[in-house]
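Whatever order the structure lists ligands and atoms in, that order sets their numbers, starting from 1.
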Amino acid sequence: MMYDVKGNLKQVLANLPQGVRLVAISKYHPNEYIEAAYEEGQRIFGESHEQELRQKHASLPSDIEWHFIGHLQTNKVKYIAPYVSMIEAVDSLKLLKEIDKQAAKQERVIDVLLELHIAEEETKYGLTPDACRQLLADGEWRSLSHVRICGLMMMASYVDDEAQIRSEFRIAKNLFDEVKATYFADAPYFKERSWGMSHDYPLAVEEGSTMVRVGTTIFGPRVY
Ligand SMILES: *Cc1c(COP(=O)(O)O)cnc(C)c1O
């Protein structure tokens with residue numbers, strides 16, 4: 001029997017204050033789950049693999065806004081550039097430049113977030129706060145007219161310790177405020193703080209998230 005996608009979605013939405021948007025993370029879940037959420041009015045979905053996104057984009061309603069949330073290899077950018085709504089996990093200037101190039105070919109501007117690496121866990125991905133500062137201070141991004149940096153994205157450590165999770169969200173929020181004041185004070189589109197997943201999105205919302213990325217709580221456990 002199908003997971004109660006509609007009921008779960010309603011519950012998550014009921015927990016979100018005004019102004020916080022939900023990205024329903026549908027990776028590894030079948031189209032019928034996405035369609036159930038769509039019927040409830042959900043329009044923003046997040047995927048982390050290019051091929052899976054390609055298939056879903058081709059077979060699901062065209063007004064879905066697809067966010068790419070995973071690590072994106074530069075050689076895959078061209079496949080999603082025609083239709084992706086936001087690329088959330090930009091963690092290098094090289095990737096940013098490739099997105100700009102492919103967006104230019106499509107004669108469009110692609111919204112992106114810079115991915116921070118704050119969690120203690122070892123991962124190859126994401127910019128440390130200092131690397132994020134460095135990328136922005138370097139200034140080359142200013143010449144990229146086909147990408148629009150709309151904010152920051154991060155994943156907190158996967159732990160039970162609420163204090164630790166909160167402190168990581170706060171580091172991200174402080175960096176957001178710093179970057180906003182330094183580079184984007186006059187850019188109303190720089191406003192997104194994408195943090196909060198199934199296990200920590202209520203905390204994330206308390207700590208200033210504007211966009212939560214929730215999968216398991218809505219669609220159930222992923223079958224890999
Ligand atoms: C899978 C994933 C999520 C959703 O995780 P859940 O625990 O299923 O809510 C959020 N963000 C990123 C970057 C992910 O890869």
Side-chain angles (χ1 to χ4, degrees), residues 2-16 20-30 33-34 36-37 40 42-53 56 64-73 76-77 80 84-92 95 99 111-128 132 150-162 164-165 168-169 171-172 176 192-224:
M2 185 162 153
Y3 216 71
D4 183 15
V5 168
K6 292 185 181 186
N8 298 332
L9 177 74
K10 278 187 203 160
Q11 283 211 325
V12 170
L13 289 172
N15 290 336
L16 298 182
V20 178
R21 291 190 296 158
L22 170 66
V23 182
I25 304 301
S26 48
K27 63 188 184 197
Y28 295 102
H29 291 295
Y33 282 30
I34 299 173
E40 284 299 307
Q42 180 65 25
R43 289 295 178 271
I44 311 176
F45 292 87
E47 291 282 336
S48 58
H49 293 95
E50 183 276 317
Q51 281 200 343
E52 185 178 353
L53 175 54
K56 286 175 173 173
I64 288 180
E65 297 171 37
W66 294 104
H67 285 209
F68 196 87
I69 60 158
H71 178 68
L72 182 57
Q73 292 168 281
K76 299 284 173 65
V77 174
I80 65 174
V84 73
S85 169
M86 178 175 268
I87 297 176
E88 291 210 20
V90 175
D91 63 357
S92 71
L95 178 57
I99 297 168
D111 286 346
V112 304
L113 303 179
L114 298 179
E115 181 186 9
L116 298 178
H117 175 57
I118 291 168
E120 279 171 4
E121 283 142 21
E122 286 288 319
T123 149
K124 287 176 288 190
Y125 306 128
L127 298 156
T128 63
C132 180
C150 296
L152 305 179
M153 176 269 206
M154 60 85 81
M155 272 187 277
S157 293
Y158 193 77
V159 294
D160 291 329
D161 181 354
E162 282 200 5
Q164 183 181 342
I165 296 171
E168 292 176 5
F169 288 146
I171 291 169
F176 174 92
E192 302 298 354
R193 296 179 292 274
S194 175
W195 39 89
M197 301 164 53
S198 286
H199 70 286
D200 61 12
Y201 79 88
L203 286 182
V205 166
E206 287 177 25
E207 299 298 339
S209 170
T210 63
M211 202 183 256
V212 295
R213 308 180 307 268
V214 180
T216 308
T217 300
I218 297 168
F219 299 113
R222 288 179 280 274
V223 182
Y224 296 102

- Query: Of the options Ile218, Thr216, Val212, Ile69, which is the one that meets Ile25 in a side chain to side chain contact (heavy atoms under 4.5 Å, CB included)?
  - Reply: Ile69
Relative to the heavy atoms of [X], which atoms of ligand 1 are at a distance of less than 4.0 Å?
X      : answer
Gly215 : 4 (C), 6 (P), 8 (O), 9 (O)
Val214 : 9 (O)
Ser198 : 6 (P), 7 (O), 8 (O), 9 (O)
Thr216 : 6 (P), 7 (O), 8 (O), 9 (O)

- First locate atom CD1 of Ile87, then atom CD1 of Ile80, and finally report the distance between them rounded to the nearest 0.5 Å. 4.0 Å
- Glu88 to ligand 1, any heavy atom closer than 4.0 Å: no
- Message: Could you check whether any heavy atom of Met153 sits closer than 4.0 Å to an atom of ligand 1, since that is the contact criterion I want to use?
- Response: yes
- Item | For atom 1 (C) of ligand 1, the option (of Lys27, Met155, His29) bearing the nearest heavy atom | Lys27
Identity and distance of the protein heavy atom lying nearest [atom]:
atom                    : result
atom 11 (N) of ligand 1 : Arg213 NE, 2.9 Å
atom 3 (C) of ligand 1  : Met197 CE, 3.7 Å
atom 12 (C) of ligand 1 : Ile69 CD1, 3.5 Å

- Task: In plain terms, say whether Arg193 and Glu207 are close enough for a salt bridge, that is, a side-chain N and a carboxylate O under 4.0 Å apart.
- Result: no
- Message: Using a strict threshold of under 4.0 Å (side-chain N to carboxylate O), is an ion pair present between Glu52 and Lys27?
- Response: no
- Query: So Tyr224 and Tyr28, ring pair (Phe, Tyr, Trp, His ring centres under 6.0 Å) or not? Walk me through it.
  - Reply: CA-CA 6 Å; Tyr224 296 102; Tyr28 295 102; 4.4 Å; yes
- How about Asp160: does its CG atom have over 12 heavy atoms from other parts shown lying under 6.0 Å from it? no
- Message: If you apply the rule ring pair (Phe, Tyr, Trp, His ring centres under 6.0 Å), what do you find for Tyr125 with His117, and how did you get there?
- Response: CA-CA 7 Å; Tyr125 306 128; His117 175 57; 9.6 Å; no
- Going by the 4.0 angstrom heavy-atom rule, the piece of His199 near ligand 1 is neither
- Query: N/O of Ser48 under 3.5 Å from N/O of ligand 1, yes or no?
  - Reply: no
- Task: Would you please say whether a donor-acceptor pair under 3.5 Å links the side chains of Arg21 and Thr210?
- Result: no
